[in-house]
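Keep in mind the model is a prediction, meaning the values are calculated, not measured.
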Amino acid sequence: MKKGCKLFLSVLVAMVGCVPVFSQPNRRSVETFIVDNFDTEQEWTWTVRASRYVAEGYPKTGMFDGIPASLRVLRRDGDPDPKVYGVQIAFNRKGDNWFEIYPAKDGAPYEVPLIGTVTQMDFWVWGANYRYFIDLLVRDADGRVHTLPAGNLLYKGWRNVVVNIPGWIVQSSRLRSGPRAMTFVGFRVRTDPEEFVDEFKIYLDQIKYTTNSLENIYDGYELQDANFGEGN
């Protein structure tokens, strides 16, 4: 009897081990997506807004030829000419000044949807050696905007900044009427109250994110958007 029981269990384990896994999402499907590298046109543009004491005629923005040296070695023949996005700004007085850099579409702010469950975002930022601070802004799947500190700009030249996305940020909503995913809102740059504000420049390049792209995909995922029309 014991022999038969052991044989049965061995066969059962073997059968379970042979169950197809094609219907299970691969939670290790890690990919990197580029939000914008400024080398090609996107469906959105970039714009800037600033706090109340911004000097007249500012902020100024533009696209400039350039690329961080570390990214230059990754370029291939046929790639478009490298560009970076720049902002020049000045304020009339020291204090708690700030400005935001964000995507816009059809004259209104546009939030870029992020695929899957994002673990980190990174970008290249050119610092002018001012004691300013840069934050990453994201909106979770419940509609709340989170400000994630990304460090200071007290250095000269290019630096790659990596921001880990906290696990407690909701990235997938249970609500049918709610957002499907977390979105990228933009950047906020804040001045130190004692730092000079007469003129400041900043440049951005290659904004991207790392994500578990299949985290929220399940067998039959496509049926959630089926159109029932007027029904029977």
Side-chain angles (χ1 to χ4, degrees), residues 35-38 42 44-71 82-105 107-112 114 118 120-140 143-166 168-169 182-209:
V35 174
D36 204 342
N37 61 10
F38 304 103
Q42 301 287 348
W44 61 82
T45 57
W46 290 85
T47 190
V48 182
R49 60 188 169 202
S51 53
R52 61 181 296 188
Y53 294 115
V54 64
E56 186 177 355
Y58 292 91
K60 300 176 182 179
T61 65
M63 302 293 293
F64 299 88
D65 295 332
I67 186 174
S70 297
L71 298 181
K83 301 285 185 180
V84 299
Y85 180 75
V87 178
Q88 183 182 40
I89 198 162
F91 295 94
N92 291 321
R93 51 176 279 186
K94 294 181 179 181
D96 297 321
N97 301 296
W98 57 265
F99 63 96
E100 292 180 346
I101 306 171
Y102 59 96
K105 187 176 180 181
Y110 173 72
E111 299 180 8
V112 181
L114 304 177
V118 181
Q120 68 180 37
M121 294 193 69
D122 75 277
F123 54 95
W124 287 84
V125 56
W126 187 95
N129 206 31
Y130 278 43
R131 192 175 294 104
Y132 288 8
F133 305 91
I134 185 167
D135 301 325
L136 177 70
L137 305 177
V138 297
R139 187 184 300 275
D140 69 22
R144 291 184 291 267
V145 174
H146 299 271
T147 302
L148 304 178
N152 63 63
L153 299 171
L154 194 59
Y155 59 88
K156 290 183 178 181
W158 289 106
R159 179 174 292 181
N160 182 227
V161 176
V162 179
V163 180
N164 292 321
I165 306 300
W168 46 262
I169 292 183
M182 185 173 72
T183 58
F184 166 71
V185 177
F187 300 99
R188 178 182 291 131
V189 178
R190 298 173 288 109
T191 69
D192 183 282
E194 299 300 322
E195 185 57 283
F196 295 106
V197 294
D198 53 330
E199 189 214 52
F200 175 76
K201 293 178 182 177
I202 185 175
Y203 300 92
L204 294 169
D205 198 12
Q206 199 169 98
I207 305 165
K208 62 183 186 296
Y209 63 99

Practice prompt. Could you tell me whether the side chain of Tyr53 and the main chain of Asp96 form a donor-acceptor pair under 3.5 Å?
Written response: no

Discussion item. Which heavy atom of Val48 sits nearest to which heavy atom of Pro59, and what is that distance?
Written reply: CG1-CG, 3.7 Å

Practice prompt. Could you tell me whether the side chain of Ser51 and the main chain of Asn97 form a donor-acceptor pair under 3.5 Å?
Written response: no

Item to complete: Please confirm whether the backbone N or O of Tyr130 pairs with a side-chain atom of Glu195, one donor and one acceptor, at under 3.5 Å?
Response: no

Practice prompt. Taking the side chain as every heavy atom from C-beta outward, state whether Val125 and Tyr155 have any pair of such atoms under 4.5 Å apart.
Written response: yes

Worksheet item: Under 4.5 Å between any side-chain heavy atoms of Val138 and Val118, yes or no?
Response: no

Worksheet item: Distance-only, no hydrogens or angles: does the Asp122 side chain make a donor-acceptor pair with backbone N or O of Ile207 under 3.5 Å?
Response: no

Worksheet item: Should Val112 and Trp44 count as side-chain neighbours, where that means a heavy-atom distance under 4.5 Å?
Response: yes

Worksheet item: So do Tyr132 and Val197 actually touch side chain to side chain, heavy atoms under 4.5 Å?
Response: yes

Item to complete: Tell me, with the steps shown, if Phe187 and Phe123 meet side chain to side chain contact (heavy atoms under 4.5 Å, CB included).
Response: CA-CA 11 Å; Phe187 300 99; Phe123 54 95; 3.6 Å; yes

Worksheet item: Does Pro103 reach the side chain of Gln42, with side-chain heavy atoms less than 4.5 Å apart?
Response: no

Fill in: Residue pair Asp36, Trp46: steps toward the side chain to side chain donor-acceptor pair (under 3.5 Å) verdict
CA-CA 10 Å; Asp36 204 342; Trp46 290 85; 2.8 Å; yes

Worksheet item: Between Trp158 and Tyr203, what is the ring plane arrangement, given parallel below 30°, perpendicular above 60°, and tilted in between?
Response: tilted

Worksheet item: Can you tell me if CZ on Phe196 sees more than 12 non-hydrogen neighbours from other groups inside 6.0 Å?
Response: no

Discussion item. So Ile165 and Met121, do their side chains get closer than 4.5 Å, heavy atoms only?
Written reply: yes

Item to complete: Evaluate the side chain to side chain contact (heavy atoms under 4.5 Å, CB included) criterion for residues Val189 and Ile89: first the C-alpha distance (whole Å), next the side-chain angles of each, then the deciding distance (0.1 Å), finally the verdict.
Response: CA-CA 11 Å; Val189 178; Ile89 198 162; over 6 Å; no

Response to the item:
Lys201 meets the salt bridge (charged side-chain N to carboxylate O under 4.0 Å, His left out) criterion, sequence neighbours left out, with none

Discussion item. Could you tell me if the side chain of Ile134 sits less than 4.5 Å from the side chain of Val161, heavy atoms only?
Written reply: no

Worksheet item: Mind checking whether Arg131 and Phe133 have side chains closer than 4.5 Å, heavy atoms only?
Response: yes

Fill in: Proximity of Phe99 and Tyr102 rings by center, below 6.0 Å
no

Worksheet item: Between atom CG of Asp205 and atom CG of Leu71, what is the distance when rounded to the nearest 0.5 Å?
Response: 6.0 Å

